[in-house]
Number of protein chains: 2
Amino acid sequence: MAGMISEALQDETENGFTERQREVLDVVLGLMVAEGDGFSVARIARAASCSKETLYKWFGDRDGILTATVQWQASRVRAGEYDRQRLDAAQLRKSLEGFAANWLSVISSQTSIALNRVAVSHAATAKSRLGQIVLANGRFAIGERLKPILEAGRNAGLLEFVDSEEAFRAFFGLVGRDVQIRLLLGDDFSLDQATIAADAKRAANQFLALYGYRQGGVKNSGGAGDAPAAGEPKISVI
Amino acid sequence: MAGMISEALQDETENGFTERQREVLDVVLGLMVAEGDGFSVARIARAASCSKETLYKWFGDRDGILTATVQWQASRVRAGEYDRQRLDAAQLRKSLEGFAANWLSVISSQTSIALNRVAVSHAATAKSRLGQIVLANGRFAIGERLKPILEAGRNAGLLEFVDSEEAFRAFFGLVGRDVQIRLLLGDDFSLDQATIAADAKRAANQFLALYGYRQGGVKNSGGAGDAPAAGEPKISVI
DNA sequence: TTGACGCCGTACCGTACGGTACGGTACATG
DNA sequence: CATGTACCGTACCGTACGGTACGGCGTCAA
């Protein structure tokens with residue numbers, strides 16, 4: 001399995017970056033988190049102990065550096081896939097809560113905030129792909145990952161909807177609410193693990209109340225549910 | 001009523017800007033919509049036919065120009081207040097739909113997208129108030145305007161919740177879903193009036209299903225409601 | 001008429017940035 | 001050892017920007 005490709009000579013992994021390049025991109029990521037995107041290429045070179053010439057040779061121009069950084073982060077967080085579990089009501093609820101908690105912890109992380117801010121800044125000028133990359137690896141990636149579960153829930157008679165995309169968007173709204181826009185605009189409100197767990201449970205409850213199959217639905221009523229909030233996140237997206 | 005204050009001599013209105021200043025700020029707003037915030041002060045002066053010296057005299061520095069622009073736009077959209085109507089179920093539903101439709105049309109407008117992008121860009125550096133201003137006049141302004149209606153609905157026995165802030169955040173999520181982040185990141189998907197009206201109706205339905213007083217709640221089921229979507233927006237926020 | 005004022009247009013200045021070039025070094029290959 | 005390669009550090013260049021200064025012009029009041 002391993003060793004199929006000579007590992008010392010060609011140390012590019014599937015994401016297309018060498019080890020040294022990944023080190024540099026991690027430094028860029030740190031700068032983004034610390035200072036937004038107001039840093040110069042010289043600042044990158046100083047912080048990463050590399051030369052500007054190398055940066056331009058590797059990534060073309062400044063926008064190429066930022067693009068590579070976003071892609072590197074995107075390739076790193078693609079791990080973790082929900083297993084095809086047998087689907088009963090409790091498992092479905094647990095999956096929804098897990099997705100919600102994970103999504104909340106991601107969008108409230110400093111890395112996600114920094115990356116989204118940079119991408120939003122560059123979205124105004126049409127010559128940058130940053131916004132598309134972040135969208136593809138954030139909003140749309142999690143959508144494609146959750147929709148199979150929603151559809152499995154529908155097949156199992158647990159959910160009721162006509163369009164999984166619309167159902168997902170409702171779930172997205174119930175989970176995220178105003179969190180992302182407030183964080184992007186600099187409203188520093190903390191989102192600790194307990195809050196995230198409670199929010200995830202509430203969002204799952206409300207989603208099931210709206211899209212659960214049972215006639216009459218379930219009015220949300222605080223808590224009183226089984227399946228305590230899942231532990232650590234299983235998947236990650238930008 | 002009019003003429004209480006001499007109109008020719010002191011043409012500052014309550015927002016603190018003179019007529020000429022408002023003209024200039026509208027030009028800045030146009031530049032933001034057209035080009036993000038990558039324009040120079042010289043570009044503003046050329047587009048507005050004024051001198052850079054005047055700009056710096058009026059607004060201090062470049063960030064002051066942007067701040068004044070955001071404040072000017074904020075002061076302009078503060079008009080329109082929902083009247084204290086008698087509250088029955090139909091009127092409540094109509095109010096919710098109106099709010100939702102208005103909010104959707106605002107956040108999908110080019111002006112709002114541009115302003116939010118600039119504010120998000122500057123939110124990384126702590127030395128700019130743009131993010132706070134946009135938050136105060138957007139997310140929080142509409143919250144303070146909707147919560148009295150929610151509480152009136154609760155007093156009338158039409159709604160059931162313990163915290164109006166939490167209820168509002170759920171409404172916010174059900175209405176906005178992924179719209180704002182997608183638009184900010186440059187996903188150009190159109191949101192025409194028909195779609196906005198349908199989305200507003202759906203959001204109001206879902207909110208009432210979750211927070212309506214009736215035992216058992218109302219499962220969302222497409223449309224089939226009274227009170228066709230409100231016509232033009234009544235209020236506006238950033 | 002005269003002067004003060006506010007503003008426009010433009011020239012100017014210092015700086016910081018994106019991008020390139022060059023010398024020096026470590027290392028790998030033959 | 002000779003040669004090539006990849007990289008670091010730094011110097012360099014052109015430009016564009018933020019911010020300031022100055023001359024000129026219209027307006028208004030005394």
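Since this is a predicted model, take the numbers as computed values, not measurements. The sequence lines fix the lettering, A, B, ..., with proteins before strands; numbering per chain opens at 1.
- Test Phe140(A), Phe172(A), Phe168(A) against Asp178(B) for side chain to side chain contact (heavy atoms under 4.5 Å, CB included) and you get one pass: Phe172(A).
- Trp58(B) has its ring centre no less than 6.0 Å from the ring centre of Phe17(B).
- A residue-by-residue look at Cys50(B) and Gly38(A) shows that Cys50(B) has its nearest nucleotide of DNA chain C further toward the 5' end.
- When the side-chain nitrogen and oxygen atoms of Trp58(A) are compared with OP1 and OP2 of dC7(D), one or more of them lie within a distance under 4.0 Å.
- One atom, NZ of Lys57(A), and another, C1' of dG9(D), lie 16 Å apart when rounded to the nearest Å.
- For Thr54(A), no side-chain nitrogen or oxygen approaches OP1 or OP2 of dC7(D) to under 4.0 Å.
- In this structure the side chain of Ile181(A) never reaches within 4.5 angstrom of the side chain of Ile181(B), judged on heavy atoms.
- For the residue pair Thr54(B) and Ser51(B), a side-chain donor N or O sits within less than 3.5 Å of a side-chain acceptor on the partner.
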Which parts of nucleotides 18-26 of chain C does protein reach within less than 4.0 Å, heavy atoms only, written one letter per nucleotide 5' to 3' as B for base, S for sugar-phosphate only and - for none?
BBBBB----
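- Separating the CD1 atom of Ile44(B) from the C1' atom of dG9(C) is a distance of 16 Å, rounded to the nearest angstrom.
- Looking at Thr195(A), its side chain never comes within 3.5 Å of a backbone N or O of Leu191(A) through a donor-acceptor pair.
- Separating the CG atom of Leu55(A) from the P atom of dG9(D) is a distance of 11 Å, rounded to the nearest angstrom.
- Under the 4.0 Å criterion applied to side-chain N and carboxylate O atoms, Lys94(A) and Glu97(A) are not assigned as salt-bridge partners.
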